[in-house]
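Everything below concerns the one structure shown next.
Here the structure is a predicted model, which means the values were calculated and not measured. Counting starts at 1 for both ligands and their atoms, in listed order. Numbering of residues begins at 1 and proceeds along the displayed sequence.
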Amino acid sequence: MKKYLKALILVIFLTSILYLSGSSKEKELPVFNENTPKYVALTFDDGPHYKYTEMLLDGLKKRNVKVTFFVLGSNASKNYNIIKKAALDGHVIGNHTYSHKNLFRLKEEEILEEIDKTNQIIEAITGTTPKYFRPSYGNYNGKILKLAKMETVLWNVDSLDWKIKNSNQITRRVLNKVSDGSIILMHDIYKSSVKAAFLIIDKLQEEGYEFVTIDELLTSS
Ligand code: ZN
């Protein structure tokens with residue numbers, strides 16, 4: 001149980017919030033696949049970016065790595081081909097709201113619009129309804145989780161790439177914090193983040209880590 005403790009705590013926490021918020025829907029805790037020892041999930045928020053996401057996809061393909069993208073509906077609608085390519089390459093596409101507003105400040109119908117509009121765009125491009133939701137700024141409460149009706153996934157390793165913007169420093173920070181079962185937060189809208197992602201992947205693969213999507217990390221029972 002120690003292996004995936006951090007991610008497990010996150011899921012239990014979110015699930016308990018769902019219960020507390022009065023959701024009548026029975027929700028089972030995901031069971032972690034313990035067959036393979038070191039699993040790590042890279043997640044990229046706020047894209048896709050017309051240039052850097054493309055660069056990222058090329059590098060991921062070369063390294064045979066699958067990741068999870070939490071895209072903004074507003075960016076997805078401008079970059080259909082990139083989302084399509086990412087989905088075809090086997091990456092998971094999740095919902096990160098339409099315009100990255102602070103959901104705490106929105107009315108229920110506005111929150112729903114942020115989520116639904118993005119799901120519709122992703123579905124139109126990939127043919128699949130997204131399963132995973134990551135609220136903008138990681139801001140969520142019982143109301144938001146209930147409205148989303150999706151699996152909400154946060155992270156337990158924050159690369160702070162948007163702030164650091166230096167590939168080597170981002171890499172060092174992530175390598176210091178990573179452990180088995182980590183969900184790493186990055187942003188595919190900066191060149192330094194994409195370069196850092198490649199450095200992180202190369203190093204962790206050397207150490208025997210396997211990169212998986214959120215789907216694979218949280219194997220449903
Ligand atoms: Zn974001």
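Among the candidates Thr128, Thr118, Thr129, the single residue satisfying the side chain to side chain donor-acceptor pair (under 3.5 Å) test with Glu123 is Thr129.
Using cut-offs of 30° and 60° for the angle between ring planes, the His49 and Tyr52 rings count as parallel.
If you look at His91 and Phe44, their ring centroids are not closer than 6.0 Å.
For the Zn ion (ligand 1), protein N, O or S atoms closer than 2.8 Å were enumerated as Asp46 OD1, His96 NE2, His100 NE2, with waters left out.
Applying the salt bridge (charged side-chain N to carboxylate O under 4.0 Å, His left out) test to pairs two or more places apart or on separate chains, those with a residue in residues 94-103 are Lys101-Glu114.
In this structure, Asn64 places its CG atom where only 12 or fewer heavy-atom neighbours from other residues, nucleotides or ligands lie under 6.0 Å away.
The pair Lys85-Asp58 meets the salt-bridge criterion, since a charged nitrogen lies less than 4.0 angstrom from a carboxylate oxygen.
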